There are 2 protein chains.
Amino acid sequence: MIRIVIAEDQGLVLGAIAALLALEADFAIVGRAGDGDAALDLVRTLTPDILLTDIEMPGRTGLDCAQILATERARTAVMIVTTFARPGYLARARAAGVRGYLLKDAPVDTLVAAIRTVAAGGRVIPPELAAAAWEAGSDPLTDRERDALRLAEEGLSNKDIARRLGLSPGTVRNYLSEAAGKLGAANRIEAGRTARANGWL
Amino acid sequence: MIRIVIAEDQGLVLGAIAALLALEADFAIVGRAGDGDAALDLVRTLTPDILLTDIEMPGRTGLDCAQILATERARTAVMIVTTFARPGYLARARAAGVRGYLLKDAPVDTLVAAIRTVAAGGRVIPPELAAAAWEAGSDPLTDRERDALRLAEEGLSNKDIARRLGLSPGTVRNYLSEAAGKLGAANRIEAGRTARANGWL
DNA sequence: GCCCGGCAGTGACAGATGTCACCTCCCGGC
DNA sequence: GCCGGGAGGTGACATCTGTCACTGCCGGGC
């Protein structure tokens, strides 16, 4: 029996995936979580073979969970199932020792097959995602640039961003200008978009 | 038997919801579609009792489908299942005669119960969504303001937007300024965010 | 016939943003 | 002990944005 915990914030999707996997004779859904913290609790108490988790959830993300479980040397293999093919997400997943990375776009057979592969000790990362991640390179932004960009995305002015970060407006301007330069963007909006598309925000 | 067609672009979610609904003895999943056009074809050829559809899909959206089926006086009841609680979406759905509007956040029981209600001739719209839609009011933007805002969101400058829309940069500036005013936003970024959050883009 | 609203534009102005050069600190590596 | 890089900053400059006033054209409603 392959013992599985599923974490996913959208109740309908959580229930549906659980129903789908329950159809497989050798799968046992031993727990369900609606956010990252609940997922961690379940994994710690149940030590399932596999944690199947979304990335974007309230509280801790699936990637956060993977990182934490990696430092705890948990015996549970983490598999990510997400909507987003963002290179930065894949990179962080790999760094956190994630054993599978699937898109919600994929047909259902893929998920079932991937779970069996991971349960058998394997690794599943779609080659086209790996290629895109390779092409995108790694996150060029510094922490402060990321901070500034995140606030700029929300429509705050340099002055407001400065206030929030405890900086001078000039410094904020410099950070955003630098970030735009690194990302090949003409302005803060484009910079925010490309950073987000790459999973760097 | 309640005959159902499901439309959803994320293969995994599509398959999972189909698996979930197939567990109900009185439900028959007669068709699955990965985009709006395929959904329309299926509804026309199979005339199911219910079309269960996502909104954001490649090609025609679920709302587009609902509108088209409404003009065709199709006997199929349309139910929307979406991630987004945007007032504008709900408003358009109601205008298109949609019979059910559910969030993917909801627990699975809700979906099953809602399908039975709609199949029996009822209507399902969560009261908290209806309240939010009421509060948000209706879309204050004109078509041209929407066009300009959509391009502004992508980081284009006034000059670039003007070129794309065949306008003068000054006119674009006026549209964006007007839109920001109507939306109570301090700049184009905030304006874009609130318009999108309300489902007006 | 008049008024309103959407669409399109111009001109002027203040303030925000983007770019660049150049500065100081501090920390870690060699 | 020196160098580089990240963090934080300043000043100057050009350009872009946001705001306002005021123009004109068209079409629909009363």
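Nothing here was measured: the structure is a model prediction, and the numbers come from that model. Lettering follows sequence order; numbering is per chain, from 1.
Here Ser168(B) pairs with Thr171(B) under the side chain to side chain donor-acceptor pair (under 3.5 Å) rule; sequence neighbours left out. Considering only residues two or more places apart in sequence or on other chains, Ala93(A) meets the side chain to side chain contact (heavy atoms under 4.5 Å, CB included) condition with Leu63(A), Val98(A), Tyr101(A). Take Pro58(B) and apply the side chain to side chain contact (heavy atoms under 4.5 Å, CB included) test, not counting sequence neighbours, and it matches Asp9(B), Asp35(B). Listed by chain and number, the residues in a side chain to side chain donor-acceptor pair (under 3.5 Å) with Ser157(A) are Asp160(A) (sequence neighbours excluded). With sequence neighbours left out, the side chain to side chain contact (heavy atoms under 4.5 Å, CB included) criterion links Val118(A) to Ile50(A), Ala77(A), Met79(A), Arg99(A), Val124(A). Taking Asp105(B) as the reference, nothing meets the salt bridge (Lys or Arg N to Asp or Glu O under 4.0 Å) condition, with sequence neighbours excluded.
Put simply, CZ on Arg144(B) is 16 Å from C1' on dG5(C), counting in whole angstrom units.
Atom CZ of Arg94(A) sits in a sparse spot, with 12 or fewer heavy atoms from other residues, nucleotides or ligands closer than 6.0 Å.
The nucleotide range of DNA chain D contacted by chain B, defined by atoms under 4.0 angstrom from heavy atoms of the protein and reported 5' to 3', is dC16(D) to dA21(D).
Once rounded to the nearest 0.5 Å, the distance linking CG of Asp54(B) with CD of Glu56(B) reads 7.5 Å.
Of the residues listed (Thr83(A), Val13(A), Leu103(A)), the one engaging Gln10(B) in a side chain to side chain contact (heavy atoms under 4.5 Å, CB included) is Thr83(A), and it is the only one.
DNA chain C is contacted by Arg173(B), Asn174(B), Tyr175(B) of residues 173-201 of chain B, taking any non-hydrogen atom closer than 4.0 Å. Of the residues in residues 145-164 of chain A, Ser157(A), Asn158(A), Lys159(A) come within less than 4.0 Å of DNA chain C through at least one heavy atom, sorted by number.
A salt bridge (charged side-chain N to carboxylate O under 4.0 Å, His left out) check over residues 64-78 of chain A, counting only residues at least two apart or in different chains, returns the pairs Arg44(A)-Glu72(A). Residue pairs that meet the side chain to side chain donor-acceptor pair (under 3.5 Å) test with at least one member in residues 119-134 of chain A, sequence neighbours left out, do not exist here.
Relative to the six-membered ring of Tyr89(B), Arg92(B) misses at least one condition, a distance below 6.0 Å or an angle of at most 45° to the axis.
Using a 4.5 Å cut-off on side-chain heavy atoms (C-beta onward), Val5(B) and Val30(B) make contact.
At a threshold of 4.0 angstrom between heavy atoms, the contacts of Thr142(B) are confined to the sugar-phosphate backbone, with no base atom among them.
Each end of the helix from dG1(C)-dC30(D) to dC30(C)-dG1(D) gets its own axis from five base pairs, and the two axes differ in direction by 30°, given to 10 degrees.
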